[in-house]
Chemist: 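Have a look at this one before I ask anything.
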Amino acid sequence: MSLKFIEVMDLDDPKLQIYHQFSENQLCHINEPDLGIFIAESPKVIGRALDAGYEPISLLLEKNQTEKEAEEIIERCCNVPVYIAESSVLTKITGFHLTRGVLCAMRRKELPEVAELTQNARRIAVLENVTNPTNLGAIVRSAAALGMDAVLFTSGCTDPLYRRAARVSMGTVFQIPWTYLPEGAEIETLRTLGFKTVAMALRNDTKDINDNELKTAEKLAVFLGAEGDGLLPETISSCDYCVKIPMAHGVDSLNVAACSAVAFWELAK
């Protein structure tokens, strides 16, 4: 490969500040009023982001990755700086051990409007105040794999492009359409677009998840809440349906990511 790598020996290079001096929230807003940036981790996640049209700014990787899994990614990012370092130096720069030894700084893209995103959608997932990036990433992965046409987030959710969320999603956050709902008008917005709303909640006054009325609904929006707290009471009362997954052996509930997989599988049939 004729590409020239830039070897990093310490933390002083100002071009690497985006990898270790800014929080992910700061990176999101770093170019305001223009769009910010995010950091993608691992060749698979970076590759899916590139496939989705996200623009790379630079690469930072372990020396021993240049001829391994990252080789194709490096070739696809041939017009941006490629920084390499020993694993010990990278850990000091980033503050964590790298999965597959590769990071890529990328520019964010303008998010679509809800109406545009859901124009041809039958089944969508709606995440309310899911702040745990691991749960959010896992739910996005299930949504992409199990027949959801899009994912919508309330403003209280963690950023789907945060490094851990995107990595846990295995890059599927770049494969399934997503955007944010307008704050304070979440259910009203979806009803205007023709969606029936389903609250996944631990209540007794619920409809069976196998109910034919749900299966035959033309458009369904499936609401999932944060681990522990679940959906807001006002969200549950405002939804058209409330659904609880039957439990066995005295178990009271599932992790929200596991719940999402069951719900998506059943309601997307």
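Values reported hereafter were calculated over all heavy atoms of this structure, with side chains retained and with hydrogens, waters and symmetry mates removed.
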Chemist: Can you see which heavy atom on Val256 is nearest to which on Gly225, and at what distance?
Modeler: CG2-O, 3.2 Å

Chemist: Linking directly or through intermediates, with side-chain heavy atoms under 4.5 Å: list the remaining ILVMFWY members grouped with Leu152, chain and number order.
Modeler: Val114, Leu117, Ile124, Val126, Leu181, Ile187, Leu190, Leu193, Phe195, Phe223, Leu231, Ile236

Chemist: Taking the side chain as every heavy atom from C-beta outward, state whether Leu59 and Ile74 have any pair of such atoms under 4.5 Å apart.
Modeler: yes

Chemist: Transitively linked via ILVMFWY side-chain contacts under 4.5 Å: Val262 with Leu214?
Modeler: yes

Chemist: Considering all heavy atoms of both residues, which atom of Val168 and which atom of Gly137 are nearest to each other, and what is their separation?
Modeler: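 Residues Val168 and Gly137, closest heavy atoms: CG1-C, 3.9 Å.
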
Chemist: Got a sec, which residues hit salt bridge (Lys or Arg N to Asp or Glu O under 4.0 Å) with Arg107, two or more places apart in sequence or on another chain?
Modeler: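 For Arg107 the salt bridge (Lys or Arg N to Asp or Glu O under 4.0 Å) partners, ignoring immediate neighbours, are Glu55.
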
Chemist: Could you tell me the separation between the CG atom of Leu27 and the CD atom of Gln17, rounded to the nearest 0.5 Å?
Modeler: 11.0 Å

Chemist: Identify, with sequence neighbours excluded, every residue that meets salt bridge (Lys or Arg N to Asp or Glu O under 4.0 Å) alongside Arg108.
Modeler: Asp159

Chemist: For Thr235 and Glu128, does a side-chain donor sit closer than 3.5 Å to a side-chain acceptor?
Modeler: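 Thr235 vs Glu128: donor-acceptor pair found between side chains.
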
Chemist: For Lys63, which residues count as a side-chain contact (heavy atoms from CB on, under 4.5 Å) partner, sequence neighbours excluded?
Modeler: Glu7, Ile84, Glu86

Chemist: Any ring pair (Phe, Tyr, Trp, His ring centres under 6.0 Å) pairs touching residues 61-82, not counting sequence neighbours?
Modeler: none

Chemist: Considering non-hydrogen atoms only, spot the tightest contact between Val102 and Ile46 and give its length.
Modeler: CG1-CD1, 3.5 Å

Chemist: Which pairs count as ring pair (Phe, Tyr, Trp, His ring centres under 6.0 Å) when at least one residue sits in residues 229-254, sequence neighbours excluded?
Modeler: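 Residue pairs with at least one partner in residues 229-254: there are none.
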
Chemist: Should Thr158 and Asn132 be marked as a side-chain contact (heavy atoms from CB on, under 4.5 Å) after you check the CA-CA gap, both sets of side-chain angles, and the distance that decides it?
Modeler: CA-CA 7 Å; Thr158 194; Asn132 184 303; over 6 Å; no

Chemist: Which heavy atom of Ala257 sits nearest a heavy atom of Ile139, and at what distance?
Modeler: CA-CG1, 3.8 Å

Chemist: Less than 4.5 Å apart, any side-chain heavy atom of Leu50 and any of Pro56?
Modeler: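 Contact flag for Leu50/Pro56 side chains = yes.
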
Chemist: State yes or no: do Val251 and Leu202 share one hydrophobic cluster built from I, L, V, M, F, W and Y residues joined by side-chain heavy-atom distances below 4.5 Å, directly or via other members?
Modeler: no

Chemist: Do Leu232 and Asn129 have side-chain heavy atoms sitting under 4.5 Å apart?
Modeler: yes

Chemist: Decide if atom CD of Glu188 counts as having more than 12 heavy atoms of other residues, nucleotides or ligands within a radius under 6.0 Å.
Modeler: no

Chemist: Are Phe153 and Leu111 linked, directly or through intermediate hydrophobic residues, by side-chain heavy-atom contacts shorter than 4.5 Å (ILVMFWY only)?
Modeler: yes

Chemist: Linking I/L/V/M/F/W/Y whenever their side-chain heavy atoms sit closer than 4.5 Å, directly or via other members, would Leu60 and Ile57 fall into one cluster?
Modeler: yes

Chemist: Provide the full list of salt bridge (charged side-chain N to carboxylate O under 4.0 Å, His left out) pairs with a residue in residues 221-245, sequence neighbours left out, each pair given once.
Modeler: Arg191-Asp240

Chemist: Around atom NZ of Lys196, are there more than 12 heavy atoms from other residues, nucleotides or ligands closer than 6.0 Å?
Modeler: no

Chemist: Can you give each donor-acceptor pair under 3.5 Å made by side-chain atoms of residues 172-180, sequence neighbours left out, with the distance rounded to 0.1 Å?
Modeler:
residue : atom : partner : partner atom : Å
Thr172  : OG1  : Ser169  : O            : 2.6
Trp178  : NE1  : Val173  : O            : 3.1
Thr179  : OG1  : Pro112  : O            : 2.8

Chemist: Looking at every heavy atom in both Ala263 and Val222, which two are closest together, and how far apart are they?
Modeler: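 Closest approach of Ala263 to Val222, heavy atoms only: CB-CG1, 4.4 Å.
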
Chemist: Any idea which heavy atoms bring Ala105 and Ile18 closest together, and the distance?
Modeler: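 Answer, listing the atom of Ala105 first, then Ile18: CB-CD1, 3.4 Å.
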
Chemist: Do the side chains of Ile209 and Leu267 get nearer than 4.5 Å, heavy atoms only?
Modeler: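 In contact.
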
Chemist: Between Thr131 (side chain only) and Cys157 (backbone N and O only), is there a donor and an acceptor less than 3.5 Å apart?
Modeler: no

Chemist: Residues in side-chain hydrogen bond (donor to acceptor under 3.5 Å, both in side chains) with Thr206, at least two apart?
Modeler: none

Chemist: Given 3.5 Å as the limit, does a donor-acceptor pair link the side chain of Asn31 with the main chain of Asp34, or not?
Modeler: no

Chemist: What pairs with Asn25 under side-chain contact (heavy atoms from CB on, under 4.5 Å), at least two apart in sequence or on another chain?
Modeler: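 Expected list: Ser23, His29, Tyr162.
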
Chemist: Going through the checks in order, is the ring-ring contact (aromatic ring centres under 6.0 Å, His included) test met by Tyr19 and Tyr83?
Modeler: CA-CA 11 Å; Tyr19 290 103; Tyr83 301 98; 7.3 Å; no

Chemist: Can you find a heavy atom in the side chain of Leu224 that is under 4.5 Å from one in the side chain of Phe264?
Modeler: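 Yes; the side chains approach each other to less than 4.5 Å.
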
Chemist: Do Phe38 and Arg163 have side chains that approach each other closer than 4.5 Å (heavy atoms only, starting at C-beta)?
Modeler: no

Chemist: Can you name the salt bridge (Lys or Arg N to Asp or Glu O under 4.0 Å) partners of Glu266, sequence neighbours left out?
Modeler: Lys215, Lys269

Chemist: Any sub-3.5 Å donor-acceptor pair from Arg141's side-chain atoms to Met170's backbone N or O?
Modeler: no

Chemist: To the nearest 0.5 Å, what is the distance between OG on Ser42 and CZ on Arg167?
Modeler: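 Going from OG on Ser42 over to CZ on Arg167, the span is 7.5 Å.
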
Chemist: Can you confirm whether Ile39 sits close enough to Glu41 that some side-chain heavy atom of one is under 4.5 Å from a side-chain heavy atom of the other?
Modeler: no

Chemist: Tell me which pairs pass side chain to side chain donor-acceptor pair (under 3.5 Å) where either residue lies in residues 111-127, with sequence neighbours left out.
Modeler: none

Chemist: So Thr154 and Leu127, do their side chains get closer than 4.5 Å, heavy atoms only?
Modeler: no

Chemist: Could you give me the CA-CA distance, side-chain angles and deciding distance for Glu213 and Lys207, then say whether salt bridge (Lys or Arg N to Asp or Glu O under 4.0 Å) is met?
Modeler: CA-CA 9 Å; Glu213 187 176 352; Lys207 185 175 285 291; 3.2 Å; yes

Chemist: Check this for me: Glu218, atom CD, are more than 12 non-hydrogen atoms of other residues, nucleotides or ligands nearer than 6.0 Å?
Modeler: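 No - once you tally the heavy atoms of other residues, nucleotides and ligands closer than 6.0 Å, there are 12 at most.
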
